[in-house]
Chemist: 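Dropping the structure in here first, questions after.
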Amino acid sequence: MADEAEDAILAYLKDNDEISNSAKFAQDFGFGHDEIVNVIRRLHGFRFVDAQDIRRERWVLTEEGKTYAAVGSPEFQLFSAVPPEGIAREELQKKLDPAVYKIGCQQAIKNKWVEMAKTHVSRKVQHADDKVKNLLLRIQNDEAVNQEDIDALKRRKLIIQQVWKGNSVRKGPEYAPKRKRAATDLTRENLQRGDWKELEFKEYNFSAKGQPVEGGHLHPLLKVRRQVQTIFLNMGFEEMPTNNYVESSFWNFDALFQPQQHPARDSHDTFFLKVPSSTKMLPEDYVERVKEIHESGGYQSRGYGYDWKREEANKNLLRTHTTAVSSRMLYALAQKPFIPKKYYSIDRVFRNEAVDRTHLAEFHQIEGLICDRGLTLGDLIGVLHDFFSRLGMSKLRFKPAYNPYTEPSMEIFSYHEGFKKWVEVGNSGMFRPEMLLPMGLPEDVRVIAWGLSLERPTMILYGIDNIRDLFGPKVDLGLIKRNPICRLGL
């Protein structure tokens, strides 16, 4: 059918200068107007015709308006139902449709056609002209109506404006009475038949853009992680291996001088493994020293004074912090002649937390530590100012805190310009002698360390107030595609 419409348009233009109205052309030749418009657009694209848009606005009757054009306006129907001698209101109401009676009363009184007494209705004029019906018929016949009458009918919702769109058409620069289809592909059949010699191929548009490539998109967490990693590397740190999500309670708790009755070891706070439920690979001499420091103390410490249980230390779990990796690295460092080290890690940790807008059961921890002789709390504060200023957090405050494996310990607060308040951004401290000396590190070696989550600064940077919108199964992929490059205060 589209080919027939195309042939009809091209044939008509062969003997005529213009198709002035696409709707009239469609009606005269028996085509649908939408079909003719689509064909005109295609021919315009091939430059066979030049098409101009036509836009016309006209008033048409609503369903209510069509009814009144056929049977008369409500006010005229009411006036006609009132005999010259008058009629009781109750009788008049029975003769008319309720909607016609209601509207008719209002308009007939407004026109001063009738007089409505309490129980009786009488005519005030002997004859009435149904102007509304006449106007509706004129609009229906596309006759001119003045603007005042248009506004009155529009207020009564008897007419609405209709926009008609079409085209006028003339011959284009590539006009021909018959359009020859250009081939888009050279097929094996064309070669076998030999008709390829006579084919006209569609021109290539070398300026056209191809289909956008739907490549991968970096997650906001990965962008911030990379920026933080760059900061550590610029400060001379080396990365710790964090590939072990499963850790033993020994490295996660005991080696960090965290007692076995500590609440963090409860299954409500930690994910313990069923299979394999325990580890069989621990350095026995170091285990004995850790057991001794827990039970009886040493190195000027009284210890915790309880019966340390090996089976508790053997339990496997999903690591609750990357400090478990730090304990392994420091132990390995103690087995060789001592050299100062700067370590960092950024990886996933797991806590048995109730999920809400600020907590997940898994998240990322950023950790940095420096191991050297004679370090002090002043060194820690200085390094923290350097590190956090590179993150764009120059205003810092510190608050004393308690951690089982650091003394002294400090919570880190930064002033948030957006929130106009101080916000906790991390934790820090100096590792206790009860943790370091059983490893075999020299007595004058100190370790300063700090940690923070990766999610909190990412949420602040990207304006996200619900952690489930950032990390987990409910993340909006559109957010991943649209988010900008991370810019920290480097």
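Residues take their numbers from the sequence shown, with the count starting at 1. Scope of the values below: all heavy atoms of this structure, side chains included, with no hydrogens, waters or symmetry mates.
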Chemist: Taking C-beta and beyond as the side chain, do Leu317 and Val246 meet within less than 4.5 Å on heavy atoms?
Modeler: no
Chemist: Taking side chain to side chain contact (heavy atoms under 4.5 Å, CB included) as the definition, give me every residue that meets it alongside Val423, ordered by chain and number, with sequence neighbours left out.
Modeler: His416, Phe419, Lys421, Arg456
Chemist: Measure the shortest side-chain to side-chain distance between Met410 and Leu384 over non-hydrogen atoms and say whether it is less than 4.5 angstrom.
Modeler: yes
Chemist: Report yes if the side chains of Ile9 and Phe25 come closer than 4.5 Å at any heavy-atom pair, otherwise no.
Modeler: yes
Chemist: Can you give me the closest heavy-atom contact between Asn244 and Arg319, atom names plus distance?
Modeler: O-NH1, 2.7 Å
Chemist: For residues Leu10 and Phe48, determine if any side-chain heavy atom of one lies less than 4.5 Å from a side-chain heavy atom of the other.
Modeler: yes
Chemist: Within a reach of under 6.0 Å around CH2 of Trp196, are more than 12 heavy atoms found that belong to other residues, nucleotides or ligands?
Modeler: no
Chemist: Do Asp130 and Ser73 have side-chain atoms, one donor and one acceptor, less than 3.5 Å apart?
Modeler: yes
Chemist: Verify the distance criterion only: is there a donor paired with an acceptor across the side chains of Thr323 and Glu367 at less than 3.5 Å?
Modeler: yes
Chemist: Using a 6.0 Å cut-off, check whether atom CD of Gln192 has over 12 heavy atoms from anything other than its own residue.
Modeler: yes
Chemist: To the nearest 0.5 Å, what is the distance between CG (Asp386) and CD1 (Ile231)?
Modeler: 9.5 Å
Chemist: Any chance you could lay out the side-chain hydrogen bond (donor to acceptor under 3.5 Å, both in side chains) test for Thr320 and Asn252, step after step, and finish with the verdict?
Modeler: CA-CA 7 Å; Thr320 62; Asn252 197 82; 3.0 Å; yes
Chemist: Between atom CD of Gln77 and atom OH of Tyr68, what is the distance when rounded to the nearest 0.5 Å?
Modeler: 7.5 Å
Chemist: Would you mind reporting whether Leu135 and Leu153 have side-chain heavy atoms less than 4.5 Å apart?
Modeler: yes
Chemist: State, without any angle test, whether Asp151 and Gln147 hold a side-chain donor-acceptor pair at a distance under 3.5 Å.
Modeler: yes
Chemist: Salt bridge or not between Arg58 and Asp142? Use side-chain N to carboxylate O under 4.0 Å.
Modeler: yes
Chemist: Please find out if less than 6.0 Å separates the ring center of Phe413 from that of Trp422.
Modeler: no
Chemist: Considering non-hydrogen atoms only, spot the tightest contact between Val39 and Ala5 and give its length.
Modeler: CG2-CB, 4.0 Å
Chemist: Between Ser22 and His33, is there a side-chain heavy-atom distance shorter than 4.5 Å?
Modeler: yes
Chemist: When you look at CZ of Arg193, are more than 12 heavy atoms from neighbouring residues, nucleotides or ligands closer to it than 6.0 Å?
Modeler: yes
Chemist: Where is the tightest heavy-atom contact between Glu18 and Tyr12, given as atom of each residue plus distance?
Modeler: O-CE2, 3.6 Å
Chemist: Just jot down the side chain to side chain donor-acceptor pair (under 3.5 Å) partners of Lys131, sequence neighbours excluded, or say none.
Modeler: Asp149
Chemist: Quick one: list whatever passes salt bridge (charged side-chain N to carboxylate O under 4.0 Å, His left out) with Lys395, sequence neighbours left out.
Modeler: Glu417
Chemist: Working to the nearest 0.5 angstrom, can you tell me the gap between Asp347 CG and His321 NE2?
Modeler: 14.0 Å
Chemist: Heavy-atom count around Glu189 CD within 6.0 Å, excluding the residue itself: above 12?
Modeler: yes
Chemist: With a 4.0 Å cut-off on N to O distance, would you call Glu35 and Arg41 a salt bridge?
Modeler: no
Chemist: Tell me, do Ser394 and Tyr415 make a side-chain contact under 4.5 Å, heavy atoms counted?
Modeler: no
Chemist: Show the nearest heavy-atom pair for residues Lys95 and Ala81, with the distance to one decimal.
Modeler: NZ-O, 3.0 Å
Chemist: Here's a test for you: under side chain to side chain contact (heavy atoms under 4.5 Å, CB included), which of Ile412, Asn403, Thr406 qualifies with Asn427?
Modeler: Asn403
Chemist: Atom CD in Glu424, atom CD in Glu411: separation rounded to 0.5 Å?
Modeler: 4.5 Å
Chemist: Could you check if a side-chain atom of Tyr344 sits within less than 4.5 angstrom of a side-chain atom of Gln229, using non-hydrogen atoms only?
Modeler: yes
Chemist: Any chance you could lay out the salt bridge (Lys or Arg N to Asp or Glu O under 4.0 Å) test for Glu57 and Arg55, step after step, and finish with the verdict?
Modeler: CA-CA 7 Å; Glu57 296 177 352; Arg55 175 189 171 94; 3.4 Å; yes
Chemist: How about CD on Gln106, more than 12 heavy atoms from neighbouring residues, nucleotides or ligands closer than 6.0 Å, or not?
Modeler: yes
Chemist: For residues Ser168 and Gln52, is any side-chain donor paired with an opposing acceptor at under 3.5 Å?
Modeler: no
Chemist: State plainly whether the residues Asp7 and Lys178 are in salt-bridge range, i.e. N to O under 4.0 Å.
Modeler: yes
